[in-house]
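Report on one structure; see the data block that follows.
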Amino acid sequence: MARRVHIIGGGLSGLAAAVEIAGSGRHVVIHEAGPACGGRARSYEDRKLGCRIDNGNHLLLTANDAAFRYLGQIGALDTVCGPDRPIFPFVDLADGTNWTLDLSMGRVPWWLFSPQRRVPGMKLGEVMALRRLMEAGPDEVVSACLSDGEFSRRLLDPFSIAALNTPSDEASAALLGHVIRESLAKGGKACLPRFAKVGLSETLVDPALAYLSVMKADVGTGRRVTAIETGLDRVTALCFPDERIELGPENVVILAVPAPVAASLLKDALPDLVVPDEFEGIFNAHFRLDRAPLPLGSFASTGFVGVVGGVTEWVFLRDDILSVTVSAANRYAARSPEALGAAIWQELRRVMDTLLDMPLPATVPERHRLVWEKRATFAATPSQLRRRPQAKTALANLALAGDWTATGLPATIDGSIRSGVAAVRALGLRGAYESGMQPAA
């Protein structure tokens with residue numbers, strides 16, 4: 001029997017696991033239920049907009065070591081771009097203030113002592129909130145660690161919602177503290193923003209599939225696993241609607257699917273498996289303009305701007321498309337997508353007033369797309385974090401992968417990739433790098 005690794009799920013976690021193993025002497029087989037790999041981190045052709053867009057807006061930081069290691073493995077480091085300084089422009093809708101957070105490149109936070117580089121109106125004593133977050137216990141929530149003042153209102157609260165996709169009065173302070181230790185606490189060199197030059201698929205998915213093809217991996221789409229058979233503490237077979245694959249002693253399985261799917265497939269084999277069961281939504285609005293506008297100021301350097309004091313949270317500009325991301329969107333569940341889209345457009349007109357070379361029209365562009373992902377990520381609350389399982393399971397040849405597993409990170413690109421690598425390690429497998437092989441160029 002061939003030494004095969006069956007990866008169930010072709011999202012970013014599954015692709016990361018496949019890339020890690022490919023070329024190490026094992027035959028990798030990916031079974032993706034949908035029509036394409038990539039999960040939430042992919043691009044697609046939108047007929048209404050008449051162009052290609054990303055499934056959601058995603059921003060990397062140079063601190064995301066797992067993500068950049070993955071990009072290096074698949075030869076895609078040149079597909080990301082970003083400013084040469086750790087700068088983050090913001091607009092506060094409460095009073096129309098525009099400012100740019102301009103972090104120091106080194107670990108010493110000299111930016112705190114420059115009114116032109118820090119959050120307007122903040123007091124230095126408010127920075128103690130960072131220490132409280134990094135020292136927070138497992139049951140504390142973010143809002144309990146924040147200070148009254150502009151540093152928390154204009155920066156830490158929006159950062160927490162964006163990073164954890166959970167309201168600050170519910171989100172885990174310890175998890176946000178871990179994010180801060182891995183990014184802001186390391187200095188500006190760890191906080192350089194990076195995003196895909198063309199699209200998420202061109203950066204995260206297509207190069208991975210090309211690499212896996214060179215490594216002779218099999219990637220199948222439309223391959224939904226309907227059951228996992230087990231015996232003697234091992235997975236013995238994978239069942240599909242039209243096929244059953246028996247697994248020999250050399251075969252292993254990585255289950256890289258959403259938490260509810262994993263729980264369903266393993267309810268008989270692992271009845272004690274606990275997974276996150278509360279979720280938060282993300283709302284994305286894409287507006288296509290009549291022409292590609294010229295961005296101004298820091299917005300021209302970054303291509304994105306943070307928004308405080310409204311529904312809109314982050315705005316990204318790519319050619320003639322303005323895309324808005326609203327995290328922790330469950331709080332807007334009572335509003336219709338159309339009402340949210342209209343409110344966001346009016347906020348955009350105010351936000352972009354001094355950031356583009358042209359005013360935005362009064363009415364919502366006819367070409368727009370509203371996407372509400374109701375279960376985008378697990379809710380990053382203290383109770384839900386305790387439900388995140390490790391990659392290793394009681395079945396000797398099965399490991400779990402997914403941003404909902406115990407990666408130590410929120411449900412992010414970096415967390416997804418870490419989970420795939422962790423699943424490989426949990427099975428005692430060695431990746432291509434460890435075997436002395438190098439990825440394809």
Side-chain angles (χ1 to χ4, degrees), residues 43 45-46 48-54 56-61 79-103 114-120 154-155 158 162 191-200 202-203 283-326 340-371:
S43 312
E45 294 292 335
D46 188 283
K48 185 175 182 180
L49 292 174
C51 64
R52 187 171 172 84
I53 62 172
D54 288 338
N57 297 308
H58 295 268
L59 191 69
L60 291 172
L61 296 179
T79 67
V80 296
C81 61
D84 58 5
R85 289 195 56 77
I87 56 175
F88 299 83
F90 283 89
V91 174
D92 190 341
L93 288 173
D95 58 10
T97 302
N98 289 28
W99 83 95
T100 298
L101 181 70
D102 186 356
L103 303 176
S114 172
Q116 291 74 36
R117 300 174 64 183
R118 67 190 189 197
V119 177
R154 284 177 159 169
L155 182 61
C191 297
L192 294 169
R194 293 292 180 261
F195 46 86
K197 288 181 181 178
V198 178
L200 291 174
E202 288 80 2
T203 290
F283 186 80
N284 290 296
H286 307 277
F287 304 95
R288 189 167 188 186
L289 309 178
D290 291 335
R291 71 169 176 88
L294 180 68
L296 306 174
S298 297
F299 189 41
S301 299
T302 61
F304 68 86
V305 59
V307 182
V308 180
V311 175
T312 304
E313 291 179 347
W314 294 94
V315 183
F316 294 79
L317 174 65
R318 179 163 292 164
D319 298 323
D320 58 350
I321 300 288
L322 275 173
S323 294
V324 172
T325 291
V326 180
L340 275 179
I344 287 170
W345 180 252
Q346 294 309 316
E347 291 178 354
L348 268 181
R349 295 183 65 223
R350 295 171 57 194
V351 169
M352 293 292 129
D353 184 50
T354 59
L355 300 183
L356 296 180
D357 68 335
M358 67 178 200
L360 298 180
T363 58
V364 178
E366 182 177 348
R367 294 181 296 178
H368 68 275
R369 173 68 69 186
L370 307 176
V371 182

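Keep in mind that the numbers below use all heavy atoms, side chains included, and drop hydrogens, waters and symmetry copies.
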Using side chain to side chain contact (heavy atoms under 4.5 Å, CB included), reason through Lys48 and His368 one step at a time and then give a plain yes or no. CA-CA 7 Å; Lys48 185 175 182 180; His368 68 275; 4.1 Å; yes
Q: Step by step, work out the side chain to side chain contact (heavy atoms under 4.5 Å, CB included) result for Ile321 and Leu289.
A: CA-CA 6 Å; Ile321 300 288; Leu289 309 178; over 6 Å; no
*asked:* With side chain to side chain contact (heavy atoms under 4.5 Å, CB included) as the criterion, how do Leu155 and Phe88 come out once you've worked through the C-alpha distance, each side chain's angles and the decisive distance to 0.1 Å?
replied: CA-CA 10 Å; Leu155 182 61; Phe88 299 83; over 6 Å; no
Review point. How far apart are the C-alpha atoms of Ser323 and Asn284, what are their side-chain angles, what is the distance that settles it, and do they pass the side chain to side chain donor-acceptor pair (under 3.5 Å) test?
Key: CA-CA 7 Å; Ser323 294; Asn284 290 296; over 6 Å; no
Under the side chain to side chain contact (heavy atoms under 4.5 Å, CB included) criterion, do Ile87 and Leu101 qualify, and how do the steps go?
CA-CA 6 Å; Ile87 56 175; Leu101 181 70; over 6 Å; no
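Every residue meeting the salt bridge (charged side-chain N to carboxylate O under 4.0 Å, His left out) condition with Arg85, not counting sequence neighbours, appears here in chain and number order: Asp102. Applying the side-chain hydrogen bond (donor to acceptor under 3.5 Å, both in side chains) criterion to Asp95, with sequence neighbours excluded, gives Thr97, Arg154. Among residues two or more places apart in sequence or in another chain, the salt bridge (charged side-chain N to carboxylate O under 4.0 Å, His left out) test is passed with Asp357 by Arg291. For Asp46, the salt bridge (charged side-chain N to carboxylate O under 4.0 Å, His left out) criterion is met by Arg369, not counting sequence neighbours.
The aromatic rings of Phe287 and Trp345 sit tilted relative to each other, their planes meeting at an angle between 30° and 60°.
With hydrogens and angles ignored, the 3.5 Å screen pairs a side-chain donor or acceptor of Ser43 with a backbone N or O of Leu200. In this structure, the side chain of Arg367 does not engage the main chain of His286 through any donor-acceptor pair within 3.5 Å.
More than 12 heavy-atom neighbours from other residues, nucleotides or ligands sit within 6.0 angstrom of CD on Glu45. Surrounding CZ of Arg117 are more than 12 heavy atoms belonging to other residues, nucleotides or ligands, all under 6.0 Å away.
Side-chain contact between Leu360 and Leu348 is present, with at least one heavy-atom pair separated by less than 4.5 Å. Between Leu322 and Met352 there is a side-chain heavy-atom pair separated by less than 4.5 Å. In this structure, Val91 and Val308 have side chains that are not in contact, with every pair of non-hydrogen atoms separated by 4.5 Å or more. No side-chain heavy atom of Leu61 sits less than 4.5 Å from a side-chain heavy atom of Leu192. Looking only at side-chain heavy atoms (C-beta outward), Val305 and Leu355 come within less than 4.5 Å of each other. The shortest side-chain heavy-atom distance between Leu59 and Phe304 falls under the 4.5 Å cut-off.
Note that CG of Asn57 and CZ of Arg318 are 8.0 Å apart. Values are rounded to the nearest 0.5 Å. Taking SG of Cys51 as the reference point, atom CG of Asp320 lies at 6.5 Å (rounded to 0.5 Å).
Scanning both residues, Trp99 and Val119, for their nearest heavy atoms gives NE1-CA, 4.0 Å. Smallest separation of non-hydrogen atoms from Val364 and Ala342: CG2-CA, 4.1 Å. Scanning both residues, Pro193 and Pro86, for their nearest heavy atoms gives CD-CA, 4.2 Å. Residues Phe90 and Val307 share a closest heavy-atom pair of CD2-N, 4.4 Å. When every heavy atom of Cys81 is checked against every heavy atom of Lys197, the shortest pair comes out as SG-CG, 3.6 Å.
A side chain to side chain contact (heavy atoms under 4.5 Å, CB included) with Thr203 is found for one member of Asp54, Leu60, Thr79, Val198 and no other, namely Thr79.
Within the structure, the salt bridge (Lys or Arg N to Asp or Glu O under 4.0 Å) test picks out no pair touching residues 292-312 (sequence neighbours left out).
With salt bridges taken as basic N to acidic carboxylate O contacts below 4.0 Å, one links Glu202 and Arg52.
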Which donor-acceptor pairs under 3.5 Å do side chains of residues 309-317 form with protein atoms, sequence neighbours excluded?
residue, atom, partner, partner atom, Å
Thr312, OG1, Glu347, OE1, 2.7
Glu313, OE1, Ser327, N, 2.7
Glu313, OE2, Arg331, NH2, 2.4

